Visitor: 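Here it is, the structure, as structure tokens.
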Amino acid sequence: TKEENIEKFYKNFKIKDITLLDNNGKLLDIISKNSEKLDNLIYIIAGGRGKRMMPLTKYNPKPMLEYMGVPILERILLKIKSEGFNNVTISINYLGKKIEKYFQKGENLGLKINYLKEKKEMGTAGSLHKLMNYENNLPIIVTNADLFTNLKLKDLLHYHNENKSDFTVATKEHHYQNPFGVIVNKGKKVLKISEKPTYNFNINAGVYCINKDLLKFIKNNTYLDMPNLINKLIKNKKKIFIFPLHEDWKDLQKPSDLS
């Protein structure tokens with residue numbers, strides 16, 4: 001049987017995860033051995049219009065575009081399952097019925113999926129207010145539905161809890177090389193010149209962990225993007241920590257990013 005073959009793989013190769021593919025190489029499932037069951041809610045932001053993905057998003061919501069042969073959102077959900085999380089809420093708006101029809105309540109993936117239907121665009125943080133009545137008070141993991149990463153959400157959650165953070169944002173180091181020679185001057189006097197200097201930045205990776213009690217800082221039915229929420233929390237003296245992401249990460253923003 002399938003289960004017996006999987007058990008042999010675990011025993012013979014001493015591996016933790018098994019990836020199942022069909023005959024065409026399409027990802028079917030990710031199976032983990034003895035995954036810890038975690039009750040934290042995973043909130044996936046999937047309501048945007050995906051304007052930079054046009055014309056691909058004219059008839060399909062951006063999270064349903066295929067990346068390496070699998071819809072972006074399906075890849076995210078399989079990874080969530082592989083780490084032992086069970087509870088998922090997906091915010092939907094633009095062509096959201098297609099997402100709901102495809103995944104339904106998540107039975108086929110072994111997940112419990114609920115949908116938060118935005119009546120209007122709420123930004124990347126506005127709809128979080130609706131989670132205030134969620135059944136438990138555990139930290140909530142939030143992720144955009146238009147990215148690919150090998151980041152383990154369990155690691156992010158552990159880091160958040162260990163540091164007693166109020167809000168943790170995953171960051172990726174980004175390098176930018178100025179194509180020009182940069183002159184440093186004081187008035188008319190040249191102090192030095194740097195030829196095509198490289199600058200390093202920590203950029204927002206689109207994955208977060210937030211304590212539920214912070215949702216009170218989000219106004220109901222009001223558009224709000226995540227950077228504005230973070231700045232608001234900083235002004236209110238909340239503990240905001242970064243979680244440096246060293247794993248593969250790709251922001252899927254335009255059609256060429258899918259190839």
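Small disclaimer: the values here were computed from a predicted structure and weren't measured.
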Visitor: Would you say that Thr149 contacts Leu245 through its side chain, given a criterion of any heavy-atom pair below 4.5 Å between the two side chains?
Guide: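 Yes, their side chains come closer than 4.5 Å.
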Visitor: Would you find more than 12 non-hydrogen atoms of other residues, nucleotides or ligands less than 6.0 Å from Lys239 atom NZ?
Guide: yes
Visitor: What's the separation between atom CG in Leu56 and atom CG in Leu65, rounded to the nearest 0.5 Å?
Guide: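 The CG atom of Leu65 is 5.5 Å from CG of Leu56, to the nearest 0.5 Å.
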Visitor: Does Gly50 offer a backbone N or O that forms a donor-acceptor pair with the side chain of Thr57 under 3.5 Å?
Guide: yes
Visitor: Under 3.5 Å, side chain of Lys172 to main-chain N/O of Glu247, donor-acceptor pair present?
Guide: yes
Visitor: So, does His129 use its side chain to make a donor-acceptor pair with the main chain of Ile218 at under 3.5 Å?
Guide: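 Present.
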Visitor: For a 4.5 angstrom cut-off between non-hydrogen side-chain atoms, does Leu229 reach Met226?
Guide: yes
Visitor: Distance check, rounded to the nearest 0.5 Å: Ile76 atom CD1 versus Lys79 atom NZ?
Guide: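 Answer rounded to 0.5 Å: 10.0 Å.
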Visitor: If Ile, Leu, Val, Met, Phe, Trp and Tyr residues are connected whenever their side-chain heavy atoms lie under 4.5 Å apart, and connections chain through other members, are Leu233 and Met132 in the same group?
Guide: yes
Visitor: Surrounding NZ of Lys117 (heavy atoms of other residues, nucleotides or ligands, distance under 6.0 Å), is the total greater than 12?
Guide: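 It does not: Lys117 NZ has 12 such atoms or fewer within range.
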Visitor: Between Asp257 and Lys254, is there a side-chain heavy-atom distance shorter than 4.5 Å?
Guide: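 In contact.
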Visitor: Taking the side chain as every heavy atom from C-beta outward, state whether Leu128 and Val142 have any atom pair closer than 4.5 Å.
Guide: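 The answer is yes, as the side chains (C-beta and beyond) meet within the 4.5 Å cut-off.
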Visitor: What are the two closest non-hydrogen atoms of Leu77 and Leu111, and how far apart are they?
Guide: O-CD1, 3.7 Å
Visitor: With a 4.5 Å heavy-atom cut-off, do Met53 and Leu258 have their side chains touching?
Guide: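 They are in contact (side-chain heavy atoms under 4.5 Å apart), so the answer is yes.
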Visitor: Search all heavy atoms of Leu38 against all heavy atoms of Glu83 and return the closest pair with its distance.
Guide: CD1-O, 4.0 Å
Visitor: Does Val207 share a hydrophobic cluster with Ile242, counting links as ILVMFWY side-chain heavy atoms below 4.5 Å and allowing steps through other members?
Guide: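 No; tracing contacts between hydrophobic side chains, which count when under 4.5 Å, never links both residues.
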Visitor: Checking Leu215 against Ile210 for the side-chain contact (heavy atoms from CB on, under 4.5 Å) test, could you report, in this order, the C-alpha distance in whole Å, the side-chain angles of both residues, the deciding distance, and whether it holds?
Guide: CA-CA 8 Å; Leu215 301 182; Ile210 180 171; 4.1 Å; yes
Visitor: Considering residues, nucleotides and ligands other than Tyr59, do more than 12 of their heavy atoms fall under 6.0 Å from its OH?
Guide: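 Not buried by this count: 12 neighbours or fewer within 6.0 Å.
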Visitor: Measuring only between side-chain heavy atoms, which start at C-beta, is Ile44 closer than 4.5 Å to Asn144?
Guide: no
Visitor: Do the side chains of Tyr115 and Phe103 get nearer than 4.5 Å, heavy atoms only?
Guide: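 Of all side-chain heavy-atom pairs linking Tyr115 with Phe103, at least one is under 4.5 Å.
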Visitor: Please walk me through it: do Leu131 and Tyr43 pass side-chain contact (heavy atoms from CB on, under 4.5 Å)?
Guide: CA-CA 9 Å; Leu131 303 178; Tyr43 187 64; 3.8 Å; yes
Visitor: Quick one: closest heavy-atom pair of Gly123 and Asp225, and the distance?
Guide: CA-OD1, 3.4 Å
Visitor: Ignoring hydrogens and geometry beyond distance, is a side-chain donor-acceptor pair present between Asn221 and Lys130 at under 3.5 Å?
Guide: yes
Visitor: For Asn204 and Thr171: C-alpha separation, side-chain torsions, deciding distance, then whether side-chain contact (heavy atoms from CB on, under 4.5 Å) applies.
Guide: CA-CA 5 Å; Asn204 180 0; Thr171 60; over 6 Å; no
Visitor: Taking Lys238's backbone N and O only, do any of them form a donor-acceptor pair with Asn236's side chain (distance below 3.5 Å, no angle check)?
Guide: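 Looks like no, no N/O pair under 3.5 Å.
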Visitor: Between Ser165 and Thr168, does a side chain to side chain donor-acceptor pair (under 3.5 Å) hold up when you go through it step by step?
Guide: CA-CA 6 Å; Ser165 174; Thr168 304; 3.0 Å; yes
Visitor: Between Arg75 and Met68 (side chain of the first, backbone of the second, donor and acceptor by atom type, cut-off under 3.5 Å), is there such a pair?
Guide: yes
Visitor: Kindly compute the distance separating OG (Ser82) from NZ (Lys152), expressed to the nearest 0.5 Å.
Guide: 6.0 Å
Visitor: Is there a donor-acceptor pair under 3.5 Å between the side chain of Lys62 and the backbone N or O of Leu252?
Guide: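 Side chain of Lys62 to backbone of Leu252, a donor-acceptor pair under 3.5 Å: yes, one is there.
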Visitor: Please find the pair of heavy atoms, one from Asp39 and one from Tyr134, that lie closest to each other, and give the distance.
Guide: O-OH, 4.4 Å
Visitor: Calculate, to the nearest 0.5 Å, the distance between atoms CG and CD1 belonging to Leu153 and Ile141 respectively.
Guide: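 So the gap between those two atoms works out to 5.0 Å.
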Visitor: Run the side-chain donor-acceptor check on residues 182-202: report pairs under 3.5 Å with partners two or more places apart or on a different chain.
Guide:
unit_1: Asn185; atom_1: ND2; unit_2: Gly187; atom_2: O; d: 2.9
unit_1: Asn200; atom_1: OD1; unit_2: His175; atom_2: ND1; d: 2.5

Visitor: Could you tell me whether the side chain of Asn228 and the main chain of Leu224 form a donor-acceptor pair under 3.5 Å?
Guide: no
Visitor: For a quick test of reading the model, state the closest non-hydrogen atom pair linking Lys58 to Tyr94 and the distance between them.
Guide: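 Shortest heavy-atom contact: O-OH, 3.3 Å.
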Visitor: Just by distance, do the side chain of Lys232 and the backbone of Phe217 share a donor-acceptor pair under 3.5 Å?
Guide: yes
Visitor: Please tell me if the side chains of Ile45 and Asp146 come closer than 4.5 Å, counting only heavy atoms from C-beta onward.
Guide: no
Visitor: Should Met64 and Ile92 be counted in the same cluster of Ile, Leu, Val, Met, Phe, Trp and Tyr side chains packed under 4.5 Å apart?
Guide: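 In one cluster with Met64: Ile92, yes.
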Visitor: Taking all atoms of both residues into account, what is the closest heavy-atom pair of Ala205 and Leu147, and its distance?
Guide: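 It is O-CD2, 3.2 Å.
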Visitor: For the backbone of Pro139 and the side chain of Asn40, can you confirm whether one donor and one acceptor N or O come within less than 3.5 Å of each other?
Guide: yes
Visitor: When rounded to the nearest 0.5 angstrom, what distance separates CG in Asn137 from CD in Glu135?
Guide: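 It is 10.5 Å, given to the nearest 0.5 Å.
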Visitor: Test side-chain contact (heavy atoms from CB on, under 4.5 Å) on Asn60 and Lys98 and set out the steps.
Guide: CA-CA 8 Å; Asn60 281 302; Lys98 290 196 173 185; 3.9 Å; yes
Visitor: Is there a donor-acceptor pair closer than 3.5 Å between any side-chain N or O of Lys154 and the backbone N or O of Phe85?
Guide: no
Visitor: Please round to the nearest 0.5 Å and tell me the distance separating atom CD1 of Ile99 and atom CD of Glu74.
Guide: 12.5 Å
Visitor: Answer yes if Ile42 and Leu116 sit in the same cluster of Ile, Leu, Val, Met, Phe, Trp and Tyr residues linked by side chain heavy atoms under 4.5 Å apart, and no otherwise.
Guide: no
Visitor: According to a 4.5 Å side-chain heavy-atom criterion applied to Ile, Leu, Val, Met, Phe, Trp and Tyr, with indirect links allowed, do Leu157 and Ile140 form part of one hydrophobic cluster?
Guide: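 They do not share one cluster, since no chain of ILVMFWY contacts under 4.5 Å joins Leu157 to Ile140.
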Visitor: If you measure only the distance, is there a donor-acceptor pair under 3.5 Å linking the side chains of Glu118 and Ser127?
Guide: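 Checked: Glu118/Ser127 side chains pair up, N/O donor to acceptor below 3.5 Å.
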